[in-house]
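In this text, all values refer to a predicted model and were calculated from it rather than measured experimentally.
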Amino acid sequence: MEVEQSLSVGGERRLILQDEEVKKENLPSEEEVAEIAADTDEEDEDALPHSEILDIFEEGLARLVQDPLLCDLPIQVTLEEVNSQIALEYGQAMTVKVLKADGEIMPIVVVQNATVLELKKAIRRFMELKQQREGGVKHISWRYVWRTYHLVFQGEKLEVDTMRLKDYGIRNRDEVTFMKRLRKK
């Protein structure tokens, strides 16, 4: 036991010295640092132009979107859309189908405890992305939209922006309708 203690005390000193020697051995010499710097300069000269890097990135992103988990996403996907899809898969988000007057259904992804205001913002973001991808109307006055239309779920108007969707009884894959407000006379 005493021998082990004396060895361990001596061994600790030796270990410390060995660690310092290893650190010195692992550090590159000044010549190696100069070689690395020269290689880096050569790599900078051979660097790809920005447009080619973007092309490579978009090809990789297109392959990523072919994954079964992300196959519902468009080719020009945003990080927000990828995160929303992942949240859906983990049950942290839900899809609310918003039915427009022309019959088009917009699948809007919101978190499980989202408010009516968050749903409205998600609808706005969905429409902005759709317009960017397809072209079309440049500007939508969302103030006008929300003054002119209600969101309705099973005959009940979603009027209070701070109320949670689940308080209205809205669950995953439920359908909410855009309905024109009646004018007050």
Side-chain angles (χ1 to χ4, degrees), residues 44 47-185:
D44 287 345
L48 296 173
H50 180 72
S51 61
E52 288 184 29
I53 292 173
L54 279 177
D55 290 341
I56 292 169
F57 175 75
E58 287 176 359
E59 288 172 12
L61 191 58
R63 282 194 307 269
L64 180 68
V65 172
Q66 291 173 354
D67 181 83
L69 176 67
L70 304 173
C71 65
D72 295 336
L73 297 174
I75 299 288
Q76 300 168 331
V77 68
T78 64
L79 178 61
E80 180 183 1
E81 290 172 311
V82 172
N83 287 338
S84 294
Q85 192 69 25
I86 292 170
L88 267 175
E89 292 297 323
Y90 282 113
Q92 299 167 346
M94 63 179 172
T95 302
V96 177
K97 297 175 185 175
V98 179
L99 179 64
K100 291 175 32 179
D102 63 0
E104 179 185 351
I105 295 178
M106 300 182 293
I108 307 296
V109 178
V110 291
V111 292
Q112 289 286 348
N113 60 347
T115 63
V116 173
L117 182 62
E118 290 168 342
L119 175 62
K120 288 179 178 181
K121 287 179 180 178
I123 291 169
R124 178 180 182 165
R125 182 73 178 134
F126 178 87
M127 289 302 296
E128 288 172 354
L129 287 171
K130 183 178 176 189
Q131 285 179 341
Q132 284 177 0
R133 291 181 181 132
E134 296 175 0
V137 180
K138 294 291 181 193
H139 178 73
I140 294 176
S141 171
W142 288 98
R143 175 181 269 175
Y144 172 79
V145 169
W146 299 126
R147 267 191 285 133
T148 309
Y149 293 91
H150 278 297
L151 289 174
V152 178
F153 175 67
Q154 295 180 345
E156 185 178 359
K157 296 175 185 174
L158 309 182
E159 292 181 309
V160 183
D161 283 347
T162 56
M163 249 181 105
R164 304 230 175 264
L165 296 177
K166 63 182 175 184
D167 295 338
Y168 283 108
I170 299 173
R171 304 276 180 249
N172 192 22
R173 296 188 190 100
D174 280 345
E175 196 171 280
V176 174
T177 308
F178 261 113
M179 189 166 292
K180 191 147 178 115
R181 292 179 187 246
L182 297 175
R183 291 170 57 181
K184 297 176 185 173
K185 292 186 178 185

How long is the straight-line distance from [atom2] of [Y] back to [atom1] of [X], given to the nearest 0.5 Å?
X	Y	atom1	atom2	value
Asn172	Leu165	CG	CG	11.5 Å
Met106	Met127	CE	CE	6.0 Å
Leu129	Glu80	CG	CD	6.5 Å
Lys97	Thr177	NZ	OG1	12.5 Å
Glu175	Leu99	CD	CG	5.0 Å
Leu119	Ile170	CG	CD1	7.0 Å

Any residue meeting side-chain hydrogen bond (donor to acceptor under 3.5 Å, both in side chains) with Arg133, in chain and number order, not counting sequence neighbours: Glu81
Non-hydrogen atoms of Val109 and Ala122 that approach each other most closely: O-CB, 4.2 Å
Taking every non-hydrogen atom, the tightest pair across Val111 and Met94: O-CE, 4.2 Å
pair Ile123-Phe178: side-chain heavy atoms closer than 4.5 Å: yes
Ile105 atom CD1: more than 12 heavy-atom contacts under 6.0 Å: yes
Check: Gln112 side chain, Gln92 main-chain N or O, donor-acceptor pair, under 3.5 Å: no
Asp174 side chain vs Arg171 backbone, donor-acceptor pair below 3.5 Å: yes
Output a table of donor-acceptor pairs, distance under 3.5 Å, between side-chain atoms of residues 148-164 and any protein atom two or more places apart or on a different chain; print 'none' if there are none.
from, atom 1, to, atom 2, distance (Å)
Thr148, OG1, Tyr144, O, 2.7
Asp161, OD1, Lys120, NZ, 2.9
Arg164, NH1, Asn113, O, 2.6

Pairing of Glu118 and Arg125 as salt bridge, 4.0 angstrom limit: no
Positive for side-chain contact (heavy atoms from CB on, under 4.5 Å) with Thr95, one of Leu88, Ile108, Val110: Leu88
